[in-house]
Amino acid sequence: MPEPPAGSPASSGVLPAPGEGAWRHGVALMGTPKYPAGFAHFDYVKPDAPKGGLLRLSADGTFDTLNDILPRGNAAAGMSLIYDSLMTPAADEVASEYGLLADAVRYPADFSSVTYRLRPEAKWQDGQPVTPQDVVWSFEVLTRNNPRQAFYYGHVAKVEQTGEHEVTFTFDQAGNRELPQIVGQLRVMPKHWWTGTDAAGKPRDITQGTLEVPLGSGAYRVKQVVPGRTIAFERVPDYWGKDLPVNIGTNNFDEIRYEYFRDDTVELEAFKGDQFDFRVETSAKNWATAYDFPAVKQGKVVLEQFPDRSSGQMQAFIPNLRREKFQDPRVRRALNFALDFEGMNRTLFYGQYQRTRSYFQGTELASSGLPQGRELEILEAVRDKVPASVFTTPYANPPEGGDEARRSNLREAARLLREAGYQITGGKLVNAKGEPFTMEILLSNPAFERVALFYKPTLERLGITVNVRVVDSSQYINRLRARDFDMIIGSWGQSLSPGNEQRDFWGTEAADRQGSSNYAGIKDPGIDALIERVIYATDRDDLVAATHALDRVLLAHDYVVPTWDYPFYRTARWNRFGHPETLPEYSFAFPTIWWWDAEKAAATGRGP
């Protein structure tokens, strides 16, 4: 639901929703799509980009299934490459979609349903047509077998074929303008393949993991699988949609291969050793110290940062509110005062980061100051459900300023814990029952271990017993799904058009639902009410105001201990690739619109 880029047709204002009979080639949540019917290609692509080459990427951990719709097991990376969805977004707009499997969409003025018209030429990779029955079946199996998908599409009351090439989704409510586009993101899978038999004559079962290569409709198909180690995809030369405007200048690599590494240190050394081509560096320490190797100096490896304009993020230490010891907001606030971010940033991160201060950090959706105007009106409507401080005190993390500030913050943390009913006995923090305050920080990424270990001594000075535990990715995922943790380091990514996913992040219904993103276990009527205001925003100004209010109330509850933010993607790549001179505003779009550059590749000592 974000504002379109300046200069686009949508920037002139919000237009009414199309009528029931108006087929559209594309849709925008607010306004009109940038690209008109019959457009040749997206502005940011190179239409005649060369095709060819092998792109080698990396992945963490391992994998044991190619069926990635299930909420269990470790699915292989890249499986989305083999599937098409009904619609696809443009990387130079926010919240617009254009037809992919569908050539047109229509919905009534009250957004109570949506109908997609499939392209007759859309084909599965075995040559059979993509049908409305495939769409209906895909929706049913996705929502039946994946709790997150069931939640995401929870407002779809009915899906049915309504024409030779048409499928209609009827919603259980009106006025939710995001729902038609949410349905457009649906992955469509081949009913005839999944309900058929494999090479041995055994019936396939989409409710089970499998290493059998699945059938897709997309630009790539699976070429090779080495279980747990490697998965490779090859470009489909006769891909049915290769000449669609949304695909011109994309899908340029002949092969995309993922190699798995269990340890980030090994993965980095493998990159230096030219075992894969492209890496997003998430470690400030590595970025500052680990890329001074010969290939960089020789220009064979390019280090480049790309701005992140498309999203915001809250990364934080996340306590599990389902555990009694974290239910008092004073305890959670004390945990924030115990984090010496200034020292952490200097010691571990070479001063590269800033402290996160919003759930929508880095975007216009982040709250600041005191509420005014429309935001204040929205908060007044839920005054009895939100902390009084949101009207009087802007949120702030504990102050920084050297040793004196750290000592002052630690004293404030101790005061808050005493106020919450804790005291020090025998050097340990205990509650009124004499039970010690213990805490396990559960991690799966070893890179975060040094972060948790930096935090640990300060917590122990408060009398808290802290154990930092690093487990493998499978165990971590299982414990996260079961909510079996005290504290994790996690994050929530935010688009510029927040909407229905906010229920999954913070909504009461999601708190006890396995597989939801409500890691903290937030259950709060004020938050629930503000989520609905975000979802049912009527225009951009209303959306921004409602999101400011939601952000402000989330912060006021001190649900998490915010960590850091960095508004760029740090990337390293072997210099073998080309890209359009001007990249899209909201993404650097790697590898979608990049291509293999044979001349550059030869200079690095590698052929196609």
Side-chain angles (χ1 to χ4, degrees), residues 1-2 17-18 24-31 33 69 80 83-90 93-102 104-118 132 134-160 162 166-189 246 310-311 492-507 509-510 513 515-518 531-538 540 543 546-547 586:
M1 297 185 290
R24 300 293 181 94
H25 72 290
V27 292
L29 273 173
M30 293 183 181
I69 75 162
S80 61
Y83 296 108
D84 283 330
S85 52
L86 293 168
M87 307 283 278
T88 191
E93 295 178 89
V94 179
S96 292
E97 293 179 358
Y98 299 87
L100 184 51
L101 283 173
V105 56
R106 65 183 180 187
Y107 47 86
D110 66 356
F111 304 98
S112 59
S113 68
V114 64
T115 298
Y116 283 94
R117 187 176 68 197
L118 298 180
D134 291 318
V135 178
V136 173
W137 180 83
S138 296
F139 177 83
E140 290 174 348
V141 297
L142 279 168
T143 54
R144 187 185 308 129
N145 295 291
N146 188 307
R148 181 170 291 188
Q149 295 290 322
F151 183 82
Y152 194 56
Y153 294 110
H155 288 295
V156 177
K158 182 173 61 174
V159 55
E160 58 188 332
T162 51
E166 296 174 19
V167 59
T168 297
F169 297 79
T170 303
F171 306 126
D172 64 1
Q173 58 185 238
N176 190 332
R177 47 191 312 135
E178 192 178 23
L179 290 179
Q181 285 188 233
I182 285 177
V183 170
Q185 301 162 9
L186 178 72
R187 172 190 291 186
V188 182
M189 297 177 294
V246 295
S310 65
S311 63
W492 295 274
Q494 295 283 4
S495 75
L496 298 179
S497 57
N500 290 266
E501 77 288 341
Q502 302 302 305
R503 291 174 175 148
D504 188 59
F505 292 171
W506 336 110
E509 191 278 333
R513 178 169 47 79
S516 82
S517 296
N518 190 344
I531 290 171
E532 298 307 298
R533 287 301 303 260
V534 170
I535 292 171
Y536 290 97
T538 56
R540 182 65 185 175
L543 174 69
T547 309
Y586 297 110

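One-based numbering along the sequence shown. What's counted below: heavy atoms across the whole structure, side chains too, no hydrogens, waters or symmetry copies. These figures come from a predicted structure and were not determined experimentally.
Of the inter-residue distances, the one linking Q185 atom CD with E97 atom CD reads 5.0 Å to the nearest 0.5 angstrom. Within the model, atoms CZ of F505 and CD of Q494 stand 5.0 Å from one another, a figure rounded to the nearest 0.5 Å. To the nearest 0.5 Å, the span separating CE on M87 from OH on Y98 amounts to 9.0 Å. Summarising the geometry, atom CZ belonging to F171 is positioned 7.0 Å from atom OG belonging to S113; distances are rounded to the nearest 0.5 Å. In this structure, CG on L118 lies 6.5 Å from CG on L86, to the nearest 0.5 angstrom. Distance CG/L101 to OH/Y83: 12.5 Å, rounded to 0.5 Å.
Using the six-membered ring where Trp is involved, Y153 and F139 have ring planes that are perpendicular, over 60° apart on the 30 and 60° scheme.
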Evaluate the side-chain contact (heavy atoms from CB on, under 4.5 Å) criterion for residues E93 and Y586: first the C-alpha distance (whole Å), next the side-chain angles of each, then the deciding distance (0.1 Å), finally the verdict. CA-CA 7 Å; E93 295 178 89; Y586 297 110; 5.6 Å; no
Evaluation steps, side-chain contact (heavy atoms from CB on, under 4.5 Å), between V159 and T170: CA-CA 6 Å; V159 55; T170 303; over 6 Å; no
Output, in order, the C-alpha distance, side-chain angles, deciding distance and verdict of side-chain contact (heavy atoms from CB on, under 4.5 Å) for L179 and V114. CA-CA 8 Å; L179 290 179; V114 64; over 6 Å; no
Which is it for Y152 and T143 under the side-chain contact (heavy atoms from CB on, under 4.5 Å) test, yes or no, and what are the steps along the way? CA-CA 9 Å; Y152 194 56; T143 54; over 6 Å; no
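Not one N or O on the side chain of D110 forms a donor-acceptor pair closer than 3.5 Å with the backbone of G175. With R533 contributing its side chain and A546 its backbone, the two residues share no donor-acceptor pair below 3.5 Å. In this structure, the side chain of R148 engages the main chain of G515 through a donor-acceptor pair within 3.5 Å. W492 places a side-chain N or O within 3.5 Å of a backbone atom of S517 that can act as its donor or acceptor partner. Put simply, the side chain of E178 gets close to the backbone of N500: a donor and an acceptor are under 3.5 Å apart. Using a distance-only test at 3.5 Å, with no hydrogens or angles considered, a donor-acceptor pair links the side chain of N146 to the main chain of I69. Without hydrogens or angle criteria, S138 side chain to V188 main chain gives no donor-acceptor distance under 3.5 Å.
Residues D504 and S516 bring no donor and acceptor atom of their side chains to less than 3.5 Å of each other. In this structure, a donor-acceptor pair under 3.5 Å is absent between the side chains of Q181 and Y107. At a cut-off of 3.5 Å, with distance as the only test, no side-chain donor of S80 or R187 sits close to an acceptor on the other residue.
The pair E501-R503 does not count as a salt bridge, with every side-chain nitrogen at least 4.0 angstrom from each carboxylate oxygen.
With sequence neighbours excluded, no residue forms a salt bridge (Lys or Arg N to Asp or Glu O under 4.0 Å) with R144.
Pairing each heavy atom of L29 with each of S497, the nearest pair is CD1-CB, 4.3 Å. Summarising the geometry of P180 relative to Y116, their closest heavy-atom pair is O-OH, 2.7 Å, with the distance given to 0.1 Å.
Considering only heavy atoms from C-beta on, D172 stays 4.5 Å or farther from S112 through its side chain. Side-chain contact between L142 and M189 is present, with at least one heavy-atom pair separated by less than 4.5 Å.
Between T115 and the choices V167, V105, T162, V183, the side chain to side chain contact (heavy atoms under 4.5 Å, CB included) rule is met once, by T162.
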